[in-house]
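The sequence lines fix the lettering, A, B, ..., with proteins before strands; numbering per chain opens at 1. Keep in mind the model is a prediction, meaning the values are calculated, not measured.
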Amino acid sequence: MIHQENIEIYILDFYEGRLRDHEIEALMKFLVLHPEWKKVFDEFEMITLEEDSSAVLSDDFRNHLKKQAHQPHDISEKRIQELLIGELEQTLSQQDQELLLLLLSGDRNIQSQRELYKKTILVPDYSMVYPNKQLLKKGRHPIYKIPAFKYSAVAATFLLLLISYNIFKEPTIPALNVAMEHRNMISGSEISSSGNTPIKASQETEPFRYAPTNQSLAPVLPPNQSGDDQREALPSDYLYSSLKGSTLVEGIKPSINLPETNGKIYIRREHPMSAAEKSQLRKYLVPQKKAISPGTSDLRMEPQNLPKPELEPQNPMTTFNQPPLLIQLKSKGFGQQVIAKINADAGLDIIEEDSRKFNFRNALIAISRFVQDRRGILRHTERESSEEIAIRLGNLEIGQAFSK
Amino acid sequence: MTTSEFNKCVDLYSDGLYRFIYKSIRDEDKAMDIVQDTFEKIWLHVDEVDFSKAKGYIFTTGYRTMIDQIRVDKRFGDWEEVKEYDHVSHKEYSDVKTIVNKALAKLNEKQRSIILLRDYEGYSYEEIAQIMDMSLSQVKVSIFRIRQSLKEYIGKLENVI
């Protein structure tokens with residue numbers, strides 16, 4: 001039934017053609033009875049809007065509005081970061097990888113972040129290599145390689161060169177040779193000269209007969225027996241406890257720093273000295289410190305101060321003829337020093353060390369090189385191969401002992 | 001591990017360890033000393049180390065030696081912080097590699113070590129955790145934050161350039 005409240009609906013339906021015949025008839029009767037609505041009916045037009053072709057969205061904006069079939073809409077920024085880093089770290093699951101690809105396909109910001117993350121991967125600089133690799137190796141005949149000396153090592157080397165010069169400048173090395181002769185007489189064993197030719201130790205009763213190691217440099221001289229040097233001798237067990245046969249004793253570790261010594265030099269940095277031992281060492285060091293540089297005599301141990309070694313006949317140390325030396329190395333400008341004692345058996349004990357910044361490694365290399373040069377055993381040249389060195393050192397039993 | 005295996009380890013891992021230490025502390029001499037000390041320590045326990053696990057052992061020892069060294073140096077107050085970057089202008093950032101190195105220097109020591117082990121040596125999270133004595137989750141969180149930090153730094157500098 002048509003009335004005042006629904007007449008507009010009927011009018012609209014009429015114009016849209018949705019009224020049936022009996023409804024049209026009812027509508028016409030209503031309009032006759034209500035002329036005010038007849039006027040509205042007559043004036044009604046079906047207005048249609050034409051398309052405004054100028055008002056269109058850009059493709060970019062439209063694409064931005066589009067959604068992928070399974071695109072998540074609740075991805076947090078943190079989750080995106082996790083996905084990007086996970087991709088970098090290769091820890092993403094298959095599902096996460098697909099999710100990341102979806103995100104990347106529609107978001108330039110995420111794409112740029114991904115590029116930035118790729119740049120965070122550190123690439124090793126393979127040109128940067130450890131320069132002294134050969135020095136780290138262990139073995140019977142390591143290859144000698146001179147490391148880059150720096151700073152304190154330069155000062156140490158200079159000092160050693162100065163010492164070397166002063167020693168060789170003199171025609172004799174009485175203390176050294178007399179000392180060795182003293183040892184040989186005690187041990188009665190064979191010794192080798194610097195030319196590696198074994199000679200029989202003297203059996204004479206005269207206590208200090210000079211046995212030169214190098215005829216051109218060391219003519220026979222009587223030992224200094226004046227007895228005016230009142231320094232205390234080191235305890236014999238300290239001097240010679242460093243080697244027992246071919247085995248390293250406790251507290252001593254072979255140095256990997258000093259391959260040019262063919263394994264014969266070792267460091268006792270961590271030697272657990274007793275209080276008594278320290279005390280004796282201090283007494284010994286006092287006069288040495290005072291006159292340590294630059295004279296060569298400062299570095300010698302007078303024969304009467306040498307401890308009496310207890311050498312075993314089979315001890316490979318007997319092939320060496322070097323008395324202990326005390327060497328002080330100072331790092332210029334820093335006041336740091338290393339006092340090292342090079343033993344008769346070529347063992348190297350660090351007696352005092354104030355060398356936190358001191359280039360310990362290079363200093364020791366310098367020391368060992370100095371010792372080796374003095375003995376004439378090893379004079380390294382860069383052209384010399386490890387095999388050549390091995391051949392030349394082949395008769396050095398002590399090297400074999402240490403290499404085990 | 002035999003002597004020859006030890007020497008093989010030197011050949012195989014000393015360069016990597018050196019790069020790792022050097023990049024961490026940026027001091028050539030100290031890095032060399034630490035590498036040397038590390039192999040010396042390894043040598044003392046050479047009989048106890050299995051060659052197949054030597055790399056992890058070497059890097060663990062190297063890392064701990066480095067930390068010990070850093071602590072000692074800091075205690076004595078002469079640790080040379082990486083100051084070279086403080087006065088570097090953006091004009092010097094010639095390439096991404098340089099920028100990444102700058103970013104790396106901004107990280108703390110632990111972060112730097114983690115990311116170097118990860119990227120330089122390709123260690124897994126588990127291995128890094130073992131070397132650095134951290135939990136697995138700590139390593140993961142650290143790497144996440146480090147990557148973010150590096151990305152932010154690189155992004156900022158790239159914008160400046």
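- Both the backbone and the side chain of A/Ile121 come within less than 4.5 Å of a heavy atom in chain B.
- Considering every non-hydrogen atom in both B/Tyr123 and B/Lys55, the closest pair reads OH-CG, 3.2 Å.
- The two residues B/Gln36 and A/Tyr130 come nearest to each other via the heavy atoms CB-OH, 3.8 Å.
- Among the candidates B/Val49, B/Asp50, B/Asp47, the single residue satisfying the side-chain contact (heavy atoms from CB on, under 4.5 Å) test with B/Met1 is B/Val49.
- Ranked by non-hydrogen atom pairs under 4.5 Å with chain B, the options A/Val123, A/Leu84, A/Thr91 are led by A/Val123.
- By a heavy-atom distance cut of under 4.5 Å, not one residue of residues 127-139 of chain B is near chain A.
- B/Leu150 places a side-chain heavy atom less than 4.5 Å from the side chain of B/Leu107.
- If you measure heavy-atom distances from B/Ile146 to chain A, you find no contacts under 4.5 Å at all.
- Contacts of B/Lys23 with chain A are made by side-chain atoms alone, with heavy-atom separations under 4.5 Å and no backbone atom involved.
- What you find for A/Leu92 and A/Gly86 is that their closest heavy atoms are CG-C, 3.5 Å.
- Taking the six-membered ring for Trp and thresholds of 30 and 60 degrees, B/Phe6 and B/Phe39 have ring planes more than 60 degrees apart, a perpendicular arrangement.
- Of the listed residues B/Glu121, B/Arg118, B/Lys140, the one with more heavy-atom pairs under 4.5 angstrom with chain A than any other is B/Arg118.
- Counting heavy-atom pairs under 4.5 Å between each of B/Val100, B/Leu104, B/Ile115, B/Asp11 and chain A puts B/Asp11 at the top.
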Would you check, one step at a time, whether the test side-chain hydrogen bond (donor to acceptor under 3.5 Å, both in side chains) holds for B/Lys41 with B/Thr65?
CA-CA 9 Å; B/Lys41 286 175 183 173; B/Thr65 305; 3.0 Å; yes

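- With a threshold of 4.5 angstrom between heavy atoms, B/Phe20 does not approach chain A through any atom at all.
- When the candidates B/Tyr18, B/Tyr22, B/Tyr125 are compared by the number of heavy-atom contacts under 4.5 Å with chain A, B/Tyr18 comes out ahead.
- Within the 4.5 angstrom heavy-atom criterion, no atom of A/Glu115 approaches chain B.
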Please evaluate residues B/Gln69 and B/Lys30 with respect to the criterion side-chain hydrogen bond (donor to acceptor under 3.5 Å, both in side chains), reporting the C-alpha separation (whole Å), side-chain torsions for both, the decisive distance (0.1 Å), and the verdict.
CA-CA 9 Å; B/Gln69 179 69 39; B/Lys30 283 196 174 88; over 6 Å; no

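- Counting heavy atoms from C-beta on, the side chains of B/Gln148 and A/Gln81 come closer than 4.5 Å.
- Note that OG1 of B/Thr38 is 6.0 Å distant from CD1 of B/Ile21, once rounded to the nearest 0.5 Å.
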